[in-house]
A.B. asks: 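Below is the structure I would like to discuss, written out as structure tokens.
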Amino acid sequence: MVLPKYGVGLLSLAGAALAQVTIYGQTPLAQTKTDGSWAAMTTLAAYNDTFLTPPAAPNPAASNNFAIQLTKDAAQVEGISIAHNGPSFYGFSIEMSVITQILGKNSSYLQVPFLNLMANIQERAGGVYVRLGGNTQEFATMVEEGDSRLSPGHTFGKEISGSTQTTLTPAVLYTRDMFYIANNISSLVNVKWFLGIPFNDSVNWRIGIAEEGQQILGTNLVGLQAANEPDFYVTFGRRTAPYTPADYSREIGELIDYMGKSPKITNTKMLIGPSVSGQNDNWHAQDVFATGFLDDYADYLVAITVEHYPNNNCIAMYSPAGTPGAVVPQDVLPDYLNHGKVTDLAGSYTQDANTAVKYNKPFIMFEMNTASCGGFPGISDTFTSTLWALDYGLQMAFQNTTHALLHVGGQNVYYNPFTAPPTNQSAYNEWTIGPIFYSALVIAEAFGKSNTAQIVDRYANEGSANTPAYAIYENGVLSKAALFNYIDDDTGNNDLTVALTVDGGVPSSVSVKYLLAPSINEKRNITWAGQTFGEKFKVDGRLRGDLNVTNIPCDATNNVCRIPVPSPGFALVFFSSSDEQLTISQAPHTFATTAYSKAHNTVQYDPAVVATSNGHNAGLLAQKLGSTSPGALKNGASAGLVSVALTAVVLSFGGAVWTVLSS
Ligand SMILES: *[C@@H]1O[C@H](CO)[C@@H](O)[C@H](O)[C@H]1NC(C)=O
Ligand SMILES: *[C@@H]1O[C@H](CO)[C@@H](O)[C@H](O)[C@H]1NC(C)=O
Ligand SMILES: *[C@@H]1O[C@H](CO)[C@@H](O)[C@H](O)[C@H]1NC(C)=O
Ligand SMILES: *[C@@H]1O[C@H](CO)[C@@H](O)[C@H](O)[C@H]1NC(C)=O
Ligand SMILES: *[C@@H]1O[C@H](CO)[C@@H](O)[C@H](O)[C@H]1NC(C)=O
Ligand SMILES: *[C@@H]1O[C@H](CO)[C@@H](O)[C@H](O)[C@H]1NC(C)=O
Ligand SMILES: *[C@@H]1O[C@H](CO)[C@@H](O)[C@H](O)[C@H]1NC(C)=O
Ligand SMILES: *[C@@H]1O[C@H](CO)[C@@H](O)[C@H](O)[C@H]1NC(C)=O
């Protein structure tokens with residue numbers, strides 16, 4: 001079979017109807033297929049067991065005792081980033097087609113693991129951005145509750161729309177309840193939402209999502225994406241050629257006019273664009289800016305955005321096994337363990353980010369992950385992705401990107417930060433954490449809540465690709481150092497000892513939190529300061545184990561703190577022993593997990609209980625009901641309580657009683 005650069009093919013897939021899919025050629029695509037059928041696999045991608053061979057460790061060991069001279073005062077640091085503020089640097093981008101799995105079936109059935117995961121980010125950074133959208137937003141259609149195309153009690157449904165010529169993007173049908181799901185989540189955890197206006201039709205605008213979103217979500221809605229990768233619209237048959245940056249700009253003007261006429265739109269000034277992928281010969285953000293986009297519409301934009309994946313797994317995911325041209329994960333593995341690659345990636349957007357600085361707008365990498373079309377087995381789902389996304393995130397922040405949203409798909413992708421169990425397993429399996437989620441957690445902690453974090457790449461160890469280091473400042477003063485070791489070597493020969501010196505002197509000791517795994521291949525046993533989210537199918541969104549912060553005495557006489565960094569590993573060095581982030585472990589406000597037994601799979605909880613519950617004790621509710629979380633059991637609730645019929649206790653403290661379930 002000859003592969004066209006872009007073409008349409010018909011694949012017969014196990015258990016699925018004949019699906020029209022796009023077959024992509026060599027060209028990396030940012031668009032991620034998130035729906036319909038994927039190449040048949042024996043195990044769902046999210047649970048795949050592929051391990052790759054780590055790149056050989058340098059032998060003899062590379063320079064592993066090096067010094068970094070740090071400057072105390074941010075004002076003296078050349079090239080330091082802007083101050084990062086607002087919610088956590090990493091947020092999440094959730095395809096509309098998986099909202100049910102990730103957020104909940106309807107506004108009274110929310111997914112507890114999602115709430116707990118967001119609570120853990122909030123605890124560190126104050127809040128989280130979540131975008132509902134992706135390819136599916138273009139054809140998403142709001143229908144009335146009870147529409148016959150929805151299953152009873154469901155907020156979402158799908159119908160194969162056949163609505164594009166080149167991609168199978170089932171139209172997502174949703175009801176008004178989607179906004180209540182989002183708003184109810186925001187009433188429990190500080191999540192702020194981005195939604196996307198469908199752009200498949202610029203003549204008959206469908207702005208229901210903007211109208212209802214503004215009415216129902218109020219200030220929890222922070223932005224409306226106007227077009228998703230418009231530079232691909234001709235390729236995907238959403239516009240006829242020529243469709244230029246000027247056409248896109250003109251459409252934004254038309255959309256603004258149209259929105260201005262709707263009595264249900266309270267705010268026309270929360271658009272987000274241009275969200276170009278800037279791939280290959282496609283247009284780039286600067287081409288859009290050159291049309292006068294920013295001068296004309298800056299007042300209407302709340303953020304400037306791009307979307308980019310550094311590679312793609314489209315052929316392996318879409319085409320029959322053996323189709324030539326597929327990227328071989330083993331070949332590209334070293335790209336994800338290399339600081340130079342990360343620097344170059346972020347560097348492609350420095351100009352755009354600095355344009356945003358000039359217009360005083362946030363610059364958001366609106367959709368990203370390790371690779372589009374599901375990511376790579378053995379890369380996107382291992383500690384490799386943890387270190388990569390941590391380095392890339394810090395590097396983007398150094399180059400003035402303000403936020404980045406990690407894309408989340410279904411069980412059929414490798415790259416998810418978190419994955420709900422397949423619906424027919426939700427009675428007995430819990431969630432699975434993706435290694436990349438730890439990056440979001442660690443950056444949230446590294447930047448904290450002061451809204452003043454600035455970061456600079458120290459080009460450590462003579463700019464080594466293996467051992468990058470950053471310095472982080474808060475309130476204008478050095479607060480932390482971030483030290484990486486990408487080398488996979490369990491002999492200890494490549495463990496680092498980094499000698500940190502601070503002008504003006506080091507403190508008598510520093511506190512260190514380590515991000516560790518036995519190897520870059522590790523998929524589950526990843527710890528952050530001693531705590532972990534746990535094994536496949538066992539995650540309820542709460543960190544387990546005891547917090548372990550390492551105190552390292554410094555040599556004040558010689559102005560040096562020697563910090564060990566294992567290979568592989570990452571160390572976050574806190575210069576202030578009173579840094580509030582040092583004491584943060586599991587967020588105190590958590591949500592008791594649902595019980596995963598077929599007979600009793602609902603837990604009802606009252607928001608008032610949640611507000612007063614204590615994480616380590618898994619909350620009043622868990623004490624009463626028991627919990628399936630080993631961490632919680634260890635910390636209080638007794639195992640015997642688990643067998644108490646979970647549905648027997650309905651808590652009602654005067655407020656609404658919420659039911660939380662996992663399917
Ligand atoms: C994991 O993914 C690889 C690549 O798609 C595939 O060859 C392998 O069969 C999968 N493993 C399982 C257990 O499904
Ligand atoms: C846009 O999508 C909607 C919903 O799927 C559909 O009804 C409409 O016909 C589409 N418009 C165009 C021009 O494709
Ligand atoms: C939400 O889903 C639950 C579980 O299926 C169902 O019992 C409930 O009636 C649904 N709520 C609404 C408003 O449809
Ligand atoms: C949750 O959603 C329901 C609609 O199903 C709504 O009546 C209720 O007010 C919402 N609660 C909050 C706190 O937003
Ligand atoms: C980030 O913005 C600051 C402030 O405008 C500037 O000094 C710095 O050079 C920018 N960083 C990069 C990598 O361009
Ligand atoms: C769950 O559903 C999938 C796909 O619909 C099916 O292949 C699988 O056999 C089901 N598993 C169980 C345990 O029912
Ligand atoms: C988990 O990883 C740590 C090192 O990071 C190691 O000491 C421990 O033995 C591992 N545990 C398991 C169960 O593999
Ligand atoms: C805490 O972490 C340090 C550094 O990884 C390790 O040496 C120590 O054994 C850990 N302590 C506990 C109690 O796990």
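Counting starts at 1 for both ligands and their atoms, following the listed order.
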A.B. asks: Specify side chain, backbone, both or neither for Arg206, according to which of its non-hydrogen atoms lie closer than 4.0 Å to ligand 2.
C.D. replies: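 Answer for Arg206: side chain.
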A.B. asks: Establish, from distance only, whether the side-chain atoms of Tyr470 and Asp391 form a donor-acceptor pair under 3.5 Å.
C.D. replies: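 Per modelled atom types, Tyr470 and Asp391 side chains form a pair under 3.5 Å.
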A.B. asks: Could you tell me whether Arg176 and Glu145 have a side-chain N and a carboxylate O separated by less than 4.0 Å?
C.D. replies: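 Salt bridge between Arg176 and Glu145, a charged N being under 4.0 Å from a carboxylate O: no.
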A.B. asks: Using the rule given for side chain to side chain contact (heavy atoms under 4.5 Å, CB included), can you reason through Ile364 versus Thr401, listing the C-alpha separation, both sets of side-chain angles and the distance that settles it, and then say yes or no?
C.D. replies: CA-CA 6 Å; Ile364 306 178; Thr401 292; over 6 Å; no
A.B. asks: Asn354 heavy atoms, cut-off 4.0 Å: which ligand 5 atoms fall inside?
C.D. replies: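 Result: 1 (C), 2 (O), 10 (C), 12 (C), 14 (O).
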A.B. asks: Output the list of atoms in ligand 5 that are nearer than 4.0 Å to some heavy atom of Thr350, sorted by atom number.
C.D. replies: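 Ligand 5 atoms under the 4.0 Å threshold to Thr350: 12 (C), 13 (C), 14 (O).
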A.B. asks: Determine if the distance from atom 2 (O) of ligand 7 to the closest protein heavy atom is below 4.0 Å.
C.D. replies: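 At least one protein heavy atom is under 4.0 Å away.
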A.B. asks: Output yes when a side-chain donor or acceptor of Asp352 lies under 3.5 Å from a complementary backbone atom of Ala285, and no otherwise.
C.D. replies: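 Side chain of Asp352 to backbone of Ala285: no pair is present.
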A.B. asks: For atom 9 (O) of ligand 5, what's the nearest protein heavy-atom neighbour? Residue, atom name and distance, please.
C.D. replies: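 The closest one turns out to be Gly79 CA, 4.6 Å.
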A.B. asks: So, applying side-chain hydrogen bond (donor to acceptor under 3.5 Å, both in side chains) with Asn200, which one of Arg238, Gln137, Arg206, Arg239 is it?
C.D. replies: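 One option only clears the test, and that one is Arg206.
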A.B. asks: Number the atoms of ligand 2 from 1 as they appear, then name those within less than 4.0 Å of a heavy atom of Phe139, with their elements.
C.D. replies: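 Reading through ligand 2 atom by atom, the close ones are 2 (O), 4 (C), 5 (O).
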A.B. asks: What is the closest protein heavy atom to atom 7 (O) of ligand 5, and at what distance does it sit?
C.D. replies: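 Heavy-atom neighbour on the protein nearest atom 7 (O) of ligand 5: Ile80 O, 4.2 Å.
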A.B. asks: Do any non-hydrogen protein atoms sit less than 4.0 Å from atom 11 (N) of ligand 7?
C.D. replies: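 Answer yes: something from the protein, a heavy atom, is under 4.0 Å.
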A.B. asks: Any N or O of Ser81 that comes nearer than 3.5 Å to an N or O of ligand 5?
C.D. replies: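 It does not: no N or O of Ser81 is found under 3.5 Å from an N or O of ligand 5.
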A.B. asks: Between Leu224 and Ala210, what is the shortest heavy-atom contact and its length?
C.D. replies: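 It is CD1-CB, 3.6 Å.
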A.B. asks: Salt-bridged, Asp247 to Arg250, with N to O below 4.0 Å?
C.D. replies: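 Salt bridge present between Asp247 and Arg250.
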A.B. asks: Is there a side-chain contact between Leu294 and Ile304, using heavy atoms and a 4.5 Å cut-off?
C.D. replies: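 In short, these two side chains touch, coming nearer than 4.5 Å.
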A.B. asks: Determine, considering heavy atoms only, which of Ile82, Val357, Asn400 sits nearest to atom 6 (C) of ligand 5.
C.D. replies: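 Answer by nearest heavy atom: Asn400.
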A.B. asks: Hey, looking at atom 8 (C) of ligand 7, which of Leu515, Asn525, Thr532 has the closest heavy atom?
C.D. replies: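 Heavy atom nearest to atom 8 (C) of ligand 7 belongs to Asn525.
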A.B. asks: Please evaluate residues Met178 and Ile99 with respect to the criterion side chain to side chain contact (heavy atoms under 4.5 Å, CB included), reporting the C-alpha separation (whole Å), side-chain torsions for both, the decisive distance (0.1 Å), and the verdict.
C.D. replies: CA-CA 9 Å; Met178 177 178 80; Ile99 290 178; 3.9 Å; yes
A.B. asks: Short list, please: which atoms of ligand 7 are under 4.0 Å from a heavy atom of Pro518?
C.D. replies: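 With Pro518 as reference, the close atoms of ligand 7 come out as 1 (C), 2 (O), 5 (O).
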A.B. asks: Does ligand 5 come near enough to Gln399 that some N or O of the ligand is less than 3.5 Å from an N or O of the residue?
C.D. replies: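 For ligand 5, there is no N or O atom that lies under 3.5 Å from one belonging to Gln399.
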